[in-house]
Amino acid sequence: MSQKSLDLRSDAVTINEESFWMGVKDCIPTLLGYLSIGFAAGVVEKTAGLSIAEITLMSLLLYAGSGQFIAAGMIAASNPMSAIIFTVFFINLRHLLLSAAIAPYFRHLTPWKNMFVGSLLTDETFGVSITHLQNKKQASYKWMVGLNITAYLNWVIANIAGGYFGKWIPNPESFGLDFALPGMFIGLLVLQILSQKKYFVDMMVAISAVIIVVIVSFFSSGSTGVMVAAVLASTIGMVIEKWK
Amino acid sequence: MEVRWTILLLILGCAIVTFIPRVLPLMLLSQMELPKWVIRWLKNVPVAVMAALLAQELLLSEGEFSISANILKLLAAIPAFAIALLTKSLLGTVMAGVIFMMVFRFIF
């Protein structure tokens with residue numbers, strides 16, 4: 001009964017604007033990858049000595065894979081609070097770029113709505129939304145909220161499950177689940193390049209990004225590499241476009 | 001269900017420094033007209049970020065460059081790329097990649 005009225009409403013909305021439920025549906029391909037990463041994060045947080053309540057709070061408030069892994073690892077190694085916060089800040093700084101890159105599609109929203117959109121921005125929701133928005137003028141707020149909320153709930157549930165059941169689950173790698181995340185990035189990268197239709201520039205950007213990540217890895221941690229690579233490779237792409 | 005004060009403060013601190021870079025550009029940049037070259041630069045960010053994240057997954061192990069530690073993932077990446085190009089389906093790519101990974105791990 002309530003299900004039916006829900007369907008009717010979402011149909012009515014689609015006429016003008018993409019609905020909340022379409023956003024939920026478009027989030028599905030990312031669920032498996034983040035379920036396994038979130039589960040692993042829960043296990044790591046548990047072994048770092050965090051309680052289930054603390055794990056829940058961390059996934060609800062911090063909501064960032066790499067940040068939570070690093071925080072848990074540093075708590076386990078009893079680093080000072082200031083060092084942990086600074087490291088997490090640095091690792092999550094790449095969101096600055098993601099947030100800036102989707103901003104042009106959200107000009108029509110109020111700053112408060114944009115704050116809500118941004119607060120749940122992750123690599124996965126960024127990848128899905130930027131590919132989806134490629135040939136559009138502006139984003140649907142409801143669609144974006146549907147995408148964001150689905151990814152968020154999936155993440156929090158995965159973290160809690162990891163904290164609870166981590167001890168009893170055999171190695172998830174044997175099911176190939178460690179490829180869910182790279183698989184998702186491959187899909188997003190290919191879809192993005194196919195939809196932008198500027199293959200030469202995009203290939204150069206992608207190749208430069210890969211090379212820079214590897215070079216930076218010789219000098220510092222991998223998460224710095226992503227940030228440096230994103231900035232430099234985007235600039236290289238811009239310069240190549242100017243040349244041509 | 002206990003939450004220690006120090007852990008609560010730590011989580012809040014981490015949450016705030018993560019929240020600000022997430023929301024600031026969306027709140028500010030969407031309010032102003034950006035120069036053309038900034039837009040062009042921003043258009044390259046998605047491919048750059050995705051390629052960088054993928055490189056981190058496929059070429060680094062514990063933050064260090066290693067082909068041997070990632071050889072199975074690199075193998076599974078080949079059919080995953082092919083399926084992404086052929087089907088243009090994100091879900092299909094993820095599922096196929098995971099299955100190939102499982103099979104490769106079983107064989108080798």
Side-chain angles (χ1 to χ4, degrees), chain A residues 29 32 51 53-54 57-58 61-62 64 67 71 81 84-85 88-89 92-93 95-97 99-101 103 106-107 111 114-115 117-119 121 123 127 130 175-176 179-190 192 202 205-206 209-210 213-214 217 221-222 226 229-230 233-234 237-238, chain B residues 1-3 6-15 17-19 21-27 29-31 34 37 39-42 44-60 63-65 73 76-77 80-81 84-85 88 90-91 93-94 97-99 101-102 105:
Chain A
L32 189 58
S51 70
E54 289 163 345
L57 211 56
M58 187 182 253
L61 296 179
L62 183 47
M81 195 186 288
I84 301 177
I85 293 175
V88 168
F89 168 70
N92 286 334
L93 212 51
H95 291 118
L96 213 57
L97 293 173
S99 180
F106 290 87
R107 307 181 67 94
N114 274 328
M115 190 178 89
V117 166
S119 66
L121 189 64
D123 296 326
I130 202 81
F175 300 106
F179 198 77
L181 206 61
M184 189 193 76
F185 290 135
I186 288 173
L188 287 172
L189 181 64
V190 169
Q192 183 68 24
D202 283 352
V205 170
V210 170
V213 163
V214 172
S217 77
S221 81
V226 172
S234 303
M238 194 181 70
Chain B
M1 279 293 141
E2 33 104 36
V3 177
T6 49
I7 298 291
L8 179 67
L9 284 177
L10 178 71
I11 292 174
L12 285 176
C14 291
V17 298
T18 303
F19 177 79
R22 265 181 174 154
V23 301
L24 218 56
L26 258 168
M27 291 182 79
L29 295 186
S30 56
Q31 297 305 305
L34 293 173
W37 68 268
I39 302 266
R40 262 209 306 275
W41 187 82
L42 286 175
N44 287 326
V45 169
V47 168
V49 170
M50 292 302 149
L53 288 169
L54 182 61
Q56 196 183 27
E57 292 287 328
L58 292 182
L59 297 172
L60 305 187
E64 286 185 25
F65 177 66
K73 279 189 188 174
F81 265 110
L85 282 165
K88 297 182 185 171
L90 190 53
L91 189 59
T93 307
V94 173
V98 167
I99 291 168
M101 188 73 196
M102 192 167 70
R105 192 159 273 141

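Model, not experiment: these values are computed from the prediction. Quick note on labels: first sequence line is chain A, next is B, and so on, each numbered from 1.
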Look at [options] and state which one has the largest set of heavy-atom pairs under 4.5 Å with chain A.
options: B:Leu26, B:Leu91, B:Thr93; result: B:Leu26
options: B:Ser30, B:Ala51, B:Ala15; result: B:Ser30
options: B:Lys73, B:Gln31, B:Glu64; result: B:Lys73
options: B:Thr18, B:Ile39, B:Thr6; result: B:Thr18
options: B:Ala80, B:Ala77, B:Pro46; result: B:Pro46

Contact origin within [X] toward chain A - heavy atom pairs under 4.5 Å:
X: B:Leu12; answer: side chain
X: B:Leu10; answer: both
X: B:Leu58; answer: side chain

So how far is it from [X] [atom1] to [Y] [atom2], rounded to the nearest 0.5 Å?
X: B:Ile7; Y: A:Leu57; atom1: CD1; atom2: CG; answer: 10.5 Å
X: A:Leu121; Y: A:Asn92; atom1: CG; atom2: CG; answer: 11.0 Å
X: B:Leu8; Y: A:Met58; atom1: CG; atom2: CE; answer: 11.0 Å
X: B:Arg40; Y: A:Ser234; atom1: CZ; atom2: OG; answer: 13.0 Å
X: A:Leu61; Y: B:Phe19; atom1: CG; atom2: CZ; answer: 11.0 Å
X: A:Asn114; Y: B:Leu24; atom1: CG; atom2: CG; answer: 11.5 Å

### Message
Given heavy-atom pairs under 4.5 angstrom as the criterion, report whether the side chain, backbone, both or neither of A:Ile130 touches chain B.
### Response
side chain
### Query
What part of A:Leu32 lies closer than 4.5 angstrom to a heavy atom of chain B: side chain, backbone, both or neither?
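Interface part for A:Leu32: side chain.
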### Query
Could you go step by step and tell me if A:Gln192 and A:Leu188 meet the side chain to side chain contact (heavy atoms under 4.5 Å, CB included) rule?
CA-CA 6 Å; A:Gln192 183 68 24; A:Leu188 287 172; over 6 Å; no
Against chain B, work out which of [options] has the most heavy-atom pairs shorter than 4.5 Å and name it.
options: A:Gly127, A:Ala233, A:Ser99, A:Ala101; value: A:Ser99
options: A:Phe179, A:Phe106, A:Phe89; value: A:Phe179
options: A:Pro111, A:Ala71, A:Gly67; value: A:Pro111

### Task
Please step through side chain to side chain contact (heavy atoms under 4.5 Å, CB included) for the pair B:Ile11 and B:Val3, ending with a clear verdict.
CA-CA 11 Å; B:Ile11 292 174; B:Val3 177; 5.9 Å; no
### Task
Might you work through the side chain to side chain contact (heavy atoms under 4.5 Å, CB included) test for B:Leu53 and B:Gln56, ending with a clear yes or no?
CA-CA 5 Å; B:Leu53 288 169; B:Gln56 196 183 27; 3.9 Å; yes
